[in-house]
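Everything on this sheet refers to the single structure shown next.
In the text below, chain A, chain B and the rest are named by the order of the sequence lines, each starting its count at 1.
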Number of protein chains: 2
Amino acid sequence: MRADARKNYDRLLAVGREVVTEHGAEASLRDVARKADVGLGTLYRHFPTREALLEALLRTNVDELTTQAADRETSSTPEDALTSWLRDSVALTHEYRGVAALLTAAMDDPESALNASCVALHDAGTRALERAHTAGIARTDIDGTDLFALIAALAWLYDQPSLAPRADHLVGVISGAVLTGQAGSGVSQGRPRARR
Amino acid sequence: MRADARKNYDRLLAVGREVVTEHGAEASLRDVARKADVGLGTLYRHFPTREALLEALLRTNVDELTTQAADRETSSTPEDALTSWLRDSVALTHEYRGVAALLTAAMDDPESALNASCVALHDAGTRALERAHTAGIARTDIDGTDLFALIAALAWLYDQPSLAPRADHLVGVISGAVLTGQAGSGVSQGRPRARR
DNA sequence: ACCTGAACACCGTTCAAGT
DNA sequence: ACCTGAACACCGTTCAAGT
């Protein structure tokens, strides 16, 4: 990549992060180009789609999460591995407003720049869930896609100002619904375990 | 209301229903006016905000639901009343794509034309939940707003093409998480009760 | 190779001018 | 009273012209 191109790319990424943090995943791309002092065509050259830009902004987060999940496959109990994955995924997904819908849409679409991130997330969750299944601590009528749907739904709740205050609590409620067995009514009835 | 105004109002409502059904709550209002053969200003005169139009489209549904919920306060068991409210609310909220976000936003905003519908929904749910609480069949760390958040999140799932296939199942999972006590692991572990 | 910005086809919202 | 559509300020996306 040529030096001037590199500079533009980096600036677009930095400005993109600011703008998306402030206005969410649906932020104006024109605004990004403007604030980066770059022609609109230059933005489209580096990031042909909105997904491409958001993928670049999320990649490090997704990578961190998947390596952490891999570590926990050996270092944590099945229960901790699963609940950690759940909480980390929710945290990642509400990094920017609107990410939940974006990732969810990218799941179906192999052409989307975000598809790989989706699959990585989905698969890490599936592995944590299956480990929990064989340990007998998670309900067996839930699969990896259900789990993905639940974290997406929770992430969406964080984006809604009127509901966000209850979102932390509901993460606990839903964790409890996924876990089962010895956890029993302790998990489903008591206060949500204050982890984090 | 003058006869010509009435005609325009009715046409806008009918066309609005079609367009919103097809394109969701974020549908182009310009498109509605165009297809209704009405000036853009006429649309804004009858429906000063997007919420006003959607409120008109949803009012009958909300009214039906709240009267049904009131009926069930005496005619149904606390459990049936609660699960029925939950399923009916989800059904209503995914009447059109994007309604969940709209209702959720209107919750906070007393100025929104949808605020009354929100409150009606919220309150009907709260009553069903409190009845379940006194009957000892619902977890007590969940309040009416939590319940509202859960149905909004589920409604949102129905709007996501990649997750919609699992949404029915997850309604069952979450119903089970809200209910507690004698239902115990039967609800939380078994297949979701195939109601509907 | 890479950058630029005008051009095109859309929005939502307002409001002067008409009947 | 009510209706109309031009006007304004925004979008996303493409692409001919420049360096």
Side-chain angles (χ1 to χ4, degrees), chain A residues 1-57 96-99 101-102 105-106 109 111-114, chain B residues 1-57 96-99 101-102 105-106 109 111-114:
Chain A
M1 180 143 51
R2 231 166 59 178
D4 56 341
R6 165 103 262 156
K7 215 180 74 180
N8 282 334
Y9 180 91
D10 291 342
R11 189 145 60 197
L12 282 167
L13 216 53
V15 172
R17 177 155 272 129
E18 279 174 38
V19 173
V20 168
T21 298
E22 187 172 353
H23 295 105
E26 304 299 324
S28 160
L29 296 182
R30 255 189 154 87
D31 201 27
V32 173
R34 214 155 28 211
K35 286 184 176 150
D37 266 317
V38 146
L40 202 38
T42 304
L43 186 150
Y44 275 92
R45 158 170 277 265
H46 287 295
F47 305 104
T49 64
R50 166 174 244 110
E51 285 77 29
L53 175 58
L54 283 141
E55 194 275 338
L57 292 176
Y96 313 117
R97 264 175 301 147
V99 168
L102 217 59
D109 177 12
E111 303 303 305
S112 168
L114 279 164
Chain B
M1 182 141 54
R2 232 165 59 180
D4 55 343
R6 164 103 262 157
K7 215 181 76 183
N8 282 335
Y9 180 89
D10 291 343
R11 189 146 60 195
L12 281 167
L13 216 53
V15 172
R17 177 155 272 129
E18 279 174 37
V19 172
V20 169
T21 299
E22 187 172 354
H23 296 104
E26 304 299 322
S28 161
L29 297 181
R30 255 191 154 84
D31 201 28
V32 173
R34 216 156 26 214
K35 286 183 176 150
D37 267 317
V38 146
L40 204 36
T42 304
L43 186 151
Y44 276 91
R45 157 170 277 266
H46 287 295
F47 305 104
T49 64
R50 167 174 244 109
E51 286 78 27
L53 175 58
L54 283 140
E55 194 275 339
L57 293 176
Y96 314 117
R97 264 174 300 147
V99 168
L102 217 60
D109 177 12
E111 302 305 304
S112 167
L114 280 163

Pairs under 3.5 Å (N/O, protein and nucleotides 16-19 of chain D):
none

Partners meeting side-chain hydrogen bond (donor to acceptor under 3.5 Å, both in side chains) with B:Asp4 (sequence neighbours left out): B:Arg2
Atom-to-atom span, NZ of B:Lys7 to C1' of D:dT4 - whole angstrom: 15 Å
side-chain hydrogen bond (donor to acceptor under 3.5 Å, both in side chains) against B:Arg17, all qualifying residues, sequence neighbours excluded: B:Tyr96
Spatial distance of atom CG (B:Asn8) from atom CE (B:Met1) [nearest 0.5 Å]: 9.5 Å
Check: A:Ala36 main-chain N/O paired with A:Arg11 side-chain donor or acceptor under 3.5 Å: yes
Sorted by number, the residues of residues 9-22 of chain A with heavy-atom contact under 4.0 Å to DNA chain C: none
Straight-line distance of A:Glu26 CD to A:Arg50 CZ, nearest 0.5 Å: 5.0 Å
Qualifying residues under side chain to side chain contact (heavy atoms under 4.5 Å, CB included), relative to B:Ala105, sequence neighbours excluded: none
Sugar-phosphate, base or nothing in reach of B:Arg34, heavy atoms under 4.0 Å: sugar-phosphate
Residues that B:Lys7 engages under side-chain hydrogen bond (donor to acceptor under 3.5 Å, both in side chains), provided they are two or more places apart: none
Minimum heavy-atom distance between A:Val19 and A:Ala27, given as atom pair plus value: CG1-CB, 3.7 Å
Flag side-chain contact, heavy atom, 4.5 Å: A:Leu53 against A:Leu29: yes
Per-pair distances, 0.1 Å, donor-acceptor, side chain in residues 41-48 of chain A, under 3.5 Å, sequence neighbours excluded:
none

Non-hydrogen atoms of B:Val99 and B:Ala25 that approach each other most closely: N-CB, 4.4 Å
Set of side chain to side chain contact (heavy atoms under 4.5 Å, CB included) partners for A:Asp109, sequence neighbours left out: A:Glu111, A:Ser112
Distance-minimising heavy-atom pair for B:Leu40 and B:Ala33: CD1-CB, 3.9 Å
Base-paired stems in DNA chain C, each at least three Watson-Crick or G-U pairs under 3.5 Å: C:4-8 with D:12-16, C:12-16 with D:4-8
Pairs flagged by ring pair (Phe, Tyr, Trp, His ring centres under 6.0 Å) wherever residues 12-41 of chain A is involved - sequence neighbours left out: none
Heavy-atom pair of closest approach, residues A:Ala106 and A:Leu114: CB-CB, 3.6 Å
Members of residues 36-55 of chain B that approach DNA chain C, where some heavy atom sits under 4.0 Å away: B:Leu40, B:Gly41, B:Tyr44, B:Arg50
side-chain N/O A:Asn8 vs C:dC3 OP1/OP2, d < 4.0 Å: yes
Members of residues 24-33 of chain B that approach DNA chain C, where some heavy atom sits under 4.0 Å away: B:Ala27, B:Ser28, B:Leu29, B:Arg30
